[in-house]
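Heads up, the thing below is written out as structure tokens.
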Amino acid sequence: MSQIFGKPLVTQEAMRARIKDLGKQISLDYQGKDLLVVGVLKGAYVFFADLVRVIRLPIQIDFLIAKSHKAIGSPAKKVKVWSELTEKINNRHVLLVEDIVDSGVTAQFLVKNLMKKKPSSVAVCALISKPANRKVEVDLRYVGFEVPPTYLVGYGLDFKQKYRNLPYLAKLDPKLVQEDSQS
Ligand code: IMP
Ligand code: MG
């Protein structure tokens with residue numbers, strides 16, 4: 001599979017170093033606080049596993065399954081949440097872990113939904129942000145890497161549900177994305 005994508009956009013070493021920094025910062029910021037770290041599946045599963053292992057606090061973990069899709073006949077994305085949290089978040093600090101924030105629609109939707117349950121705080125940690133594509137405002141407390149608006153796969157990120165298991169982040173051939181958006 002690696003022959004298809006060539007060189008990684010972010011090497012595994014750079015990724016490990018950046019995630020370690022994020023873990024240190026999160027450990028400092030939430031010291032003495034009751035923190036629930038929530039991974040957004042499927043995309044965040046690889047990043048999530050790496051991140052929680054460099055947070056040096058007695059955190060709890062939970063997951064949400066979310067899917068964003070374009071509504072037929074509309075360019076706007078809709079977000080569908082497939083699962084509920086199993087932990088209570090009332091009066092607790094929540095850190096939402098996202099693979100990538102693109103338009104911001106998914107992250108904004110999830111934060112708004114979580115806020116309804118009256119947590120002490122909700123912050124977002126995204127491995128990747130594409131600020132040039134932002135359509136709605138979303139406050140990202142922690143960002144691994146900011147990238148230009150190109151389509152990425154690997155390290156949890158998919159194209160048509162494939163390539164999530166590629167062990168590094170790579171650019172997908174723009175022709176493939178173009179063909180798909182026209183189909
Ligand atoms: P947003 O709602 O536009 O911010 O999009 C967030 C979701 O779209 C992410 O959680 C991903 O599932 C998907 N996504 C956005 N950009 C990419 C990409 O470059 N590669 C793979 N998935 C992406
Ligand atoms: Mg996805």
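Along the sequence shown, residues carry numbers from 1. When a ligand or atom number is given, it counts from 1 through the structure's own listing order.
Looking at Ser68, its side chain never comes within 3.5 Å of a backbone N or O of Val79 through a donor-acceptor pair. Judged by distance alone, the side chain of Arg134 and the main-chain N or O of Ser129 form no donor-acceptor pair under 3.5 Å. Without hydrogens or angle criteria, Lys130 side chain to Thr150 main chain gives a donor-acceptor distance under 3.5 Å. One N or O on the side chain of Asp62 and one on the backbone of Thr86 form a donor-acceptor pair closer than 3.5 Å. Side-chain atoms of Ser83 come within 3.5 Å of backbone N or O of Ile65 as a donor-acceptor pair. A donor-acceptor pair under 3.5 Å is formed between the side chain of Arg18 and the backbone N or O of Gly144.
Within the listing of ligand 1, atoms 9 (C), 10 (O), 11 (C), 12 (O) sit less than 4.0 angstrom from a heavy atom of Asp99. Atoms of ligand 1 lying under 4.0 Å from at least one heavy atom of Val105, given by number and element, are 2 (O), 4 (O). Residue-ligand proximity, Lys130 to ligand 1, at heavy-atom distances under 4.0 Å covers atoms 16 (N), 17 (C), 18 (C), 19 (O). Atoms of ligand 1 found under 4.0 Å from any heavy atom of Glu98, numbered from 1 in the order shown, are 10 (O). Residue-ligand proximity, Thr106 to ligand 1, at heavy-atom distances under 4.0 Å covers atoms 1 (P), 2 (O), 5 (O), 6 (C).
Under a 4.0 Å heavy-atom criterion, Val153 is not in contact with ligand 1. Using a 4.0 Å cutoff on heavy atoms, Gln108 does not count as a contact of ligand 1. Judged by the shortest distance from any of its heavy atoms, Gly104 lies inside the 4.0 Å radius around the atoms of ligand 1.
Ring orientation note: the planes of Tyr30 and Tyr142 are tilted relative to one another, at an angle of 30° to 60°.
Residue Val40 does not touch ligand 1, judged by heavy-atom distances below 4.0 Å.
For atom 1 (P) of ligand 1, the choice among Ser103, Ser129, Ser68, Ala126 with the nearest heavy atom turns out to be Ser103. Comparing Val136, Val79, Asp102 by heavy-atom distance to atom 15 (C) of ligand 1, the nearest is Asp102.
At under 3.5 Å, not a single nitrogen or oxygen of Leu157, backbone or side chain, sits near a nitrogen or oxygen of ligand 1.
When all heavy atoms of Ile89 and Leu114 are compared, the closest pair comes out as CD1-O, 3.5 Å.
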